[in-house]
Protein chains: 2
Amino acid sequence: MKEGRRHYGQYCGLAAALDVIGERWTLLIVRELLVAPRRYNELLANLPGIGTNLLAVRLKLLGEAEVVEQLTSDPDGRARRYRLTERGQSLRPMVLGLARWGMPLLDEPDPQDEVRPEWSLVAVEAMLGTPAAGAPEERYQFQISGKDGREEVFHLEIKEEIAMIVPGPALAPDLLAVTDAVTFVEIGAGRLDPLEAVVLGRLRLDGDSGAVLRCCRLLGLIPSAPG
Amino acid sequence: MKEGRRHYGQYCGLAAALDVIGERWTLLIVRELLVAPRRYNELLANLPGIGTNLLAVRLKLLGEAEVVEQLTSDPDGRARRYRLTERGQSLRPMVLGLARWGMPLLDEPDPQDEVRPEWSLVAVEAMLGTPAAGAPEERYQFQISGKDGREEVFHLEIKEEIAMIVPGPALAPDLLAVTDAVTFVEIGAGRLDPLEAVVLGRLRLDGDSGAVLRCCRLLGLIPSAPG
DNA sequence: CTGCATCCGCCTCGATACTG
DNA sequence: CAGTATCGAGGCGGATGCAG
């Protein structure tokens with residue numbers, strides 16, 4: 001926090017945090033890396049509008065702050081990826097909290113807006129409010145397709161009353177949800193009822209109705225059962 | 001999120017949140033209002049460097065986003081204060097989380113840095129990690145003095161295994177901690193041991209040693225008792 | 001005196017071009 | 001593929017002006 005860069009100059013934890021992760025784009029970079037380690041160009045592709053110079057500056061700063069590290073697995077220097085350090089991972093609850101806080105702000109999806117199926121992972125994790133108390137051990141698989149036809153596959157696994165996000169398909173999913181990224185976010189934002197999405201043909205749900213209800217409840221899409 | 005202002009253009013909760021509270025100074029304004037409703041000039045005084053125009057712009061935007069509202073209690077229009085709405089209050093866990101995340105980043109206090117005793121309220125709340133399970137019902141009073149001689153008084157009340165921050169003095173505090181804002185933050189940042197601060201004469205603790213230990217444990221200053 | 005609005009210099013940001 | 005260099009536009013910071 002020396003001279004040169006702009007900083008708040010307050011001896012306060014929040015100000016110190018914002019000096020590191022408060023600048024434009026920084027938390028979105030962290031969001032990307034919360035999903036998985038990424039290459040430089042992957043980050044550029046998933047953060048349209050950032051400009052390559054700024055991404056380089058941010059990554060360097062995040063590296064100095066030990067939030068991000070780059071692992072150069074390949075000996076010839078190519079194929080280096082950026083990954084969150086432990087300290088970076090510890091930003092997860094705050095990032096998820098902000099993501100949840102912002103979801104109701106989402107309006108009609110603008111066709112100009114970017115939507116990536118990878119973000120669904122973070123969205124689902126943010127929606128996991130209530131710990132899955134008393135829920136049976138089961139697996140809900142999600143297949144979210146992007147505009148370019150790519151499909152992100154992950155599943156939610158409930159084990160010992162704890163729900164976990166796991167990349168990739170489940171072995172024997174009790175529920176399969178297939179949709180596109182826009183529909184998925186609209187449902188998460190509360191702008192679209194899951195049932196309505198099914199009727200509109202924008203969401204396909206395979207599984208028994210009990211699993212559907214439990215999954216929706218887990219994601220806060222319908223109120224938890226009273227009493 | 002229409003044209004005019006700069007925005008991320010991502011259909012994603014986090015991006016939507018950052019479009020509202022991601023700009024410079026905004027979360028620091030929220031921090032100020034988390035402590036108490038404030039007047040325009042109070043905000044200006046507690047946020048050195050912001051520039052009055054920017055504060056006005058931020059407050060207007062926060063108002064439109066329904067994060068902040070102004071209450072004009074006084075009929076003649078004077079004495080209008082800014083206050084967080086319910087939606088603004090719901091940012092509290094994320095702000096506290098970021099404050100806690102940033103505290104270890106605090107280095108040697110720069111004499112140029114601003115330190116305000118009001119921030120101690122947020123700092124203490126951020127340090128309250130573990131719920132006070134099994135703790136006896138007692139009250140720890142804090143008196144944090146600023147450079148200008150003002151003193152912020154509040155106390156921590158443990159009731160039914162829940163710790164609460166309450167502004168103002170306690171009725172019969174089991175512990176009284178008197179210090180200055182810099183020392184307080186340094187202790188919170190883990191740069192200064194409470195015991196060392198007492199020896200240096202920068203912290204005065206009145207109360208029995210059991211209360212001191214329980215208070216320190218509650219604030220994460222010493223590891224919780226094992227087992 | 002409080003609560004802003006206006007103006008201006010500078011620094012950050014965003015887009016494009018270019019290099020190892 | 002992974003950045004660096006450059007430059008125009010606009011956000012930011014500080015000083016000042018002004019109305020209630």
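Computation of the quantities below employed the complete heavy-atom set of this structure, encompassing side-chain atoms and omitting hydrogens, waters and symmetry-equivalent molecules. Quick note on labels: first sequence line is chain A, next is B, and so on, each numbered from 1. The structure displayed is predicted, hence computed values, not measured ones.
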Between C:dG20 (P) and A:R80 (CZ): distance, integer Å
15 Å
Given atom CD of A:E42 and atom P of D:dG3, what is their separation to the nearest angstrom?
13 Å
Could you state the CZ-C1' distance from B:R5 to D:dC12, rounded to the nearest angstrom?
14 Å
Find which nucleotide of DNA chain D each of B:E23 and B:T52 is nearest to by heavy atoms, and output the residue with the more 5' nucleotide.
B:E23
Can we say A:R116 and A:E32 salt-bridge, meaning some charged N sits less than 4.0 Å from an Asp/Glu carboxylate O?
no
Reckon B:R39 has a side-chain N or O less than 4.0 Å from the OP1 or OP2 of C:dC1?
no
Short side-chain N/O contact to D:dG13 OP1/OP2 from B:W25, under 4.0 Å:
yes
OP1 or OP2 of C:dT2 sitting under 4.0 Å from any side-chain N/O of B:N41?
yes
Without decimals, in angstroms, what is the distance between A:Y40 OH and C:dG20 P?
17 Å
Short side-chain N/O contact from A:R6 to OP1 or OP2 of C:dC10, under 4.0 Å
no
Under the 3.5 angstrom rule, does the side chain of A:W119 hit a backbone N or O of B:G13 as a donor-acceptor pair?
no
Listing, residues 164-173 of chain B side-chain donor-acceptor contacts under 3.5 Å, not counting sequence neighbours, or none:
none

Determine: side-chain N/O of A:Y82 to OP1/OP2 of D:dC1, distance under 4.0 Å, yes or no.
no
Quick check: on DNA chain D, is the nucleotide nearest A:Q70 upstream (toward 5') of the one nearest A:Y8, or the reverse? Name the residue that is more 5'.
A:Q70
For B:L55 and D:dG11, give me the distance from atom CG to atom P, rounded to whole Å.
18 Å
How many Å lie between CD1 on B:I29 and P on C:dG3, as a whole number?
14 Å
Decide yes or no, distance alone: a donor-acceptor N/O pair under 3.5 angstrom between the base of D:dG3 and the side-chain of A:N53.
no
Please say which of A:R92, A:R100, A:R31 ends up in a salt bridge (Lys or Arg N to Asp or Glu O under 4.0 Å) with A:E125.
A:R92
With a sphere of 6.0 Å drawn around NZ of B:K60, does it hold more than 12 non-hydrogen atoms of other residues, nucleotides or ligands?
no
Spacing between A:L54 atom CG and D:dT6 atom P, to the nearest angstrom:
18 Å
N or O in side chain of B:R58 less than 4.0 angstrom from D:dC12 OP1/OP2:
yes
Measure the distance from CD1 on B:I50 to C1' on D:dA15 and round it to the nearest whole Å.
16 Å
Taking only side-chain N and O atoms of B:R24, does any of them lie within less than 4.0 angstrom of OP1 or OP2 on D:dG13?
yes
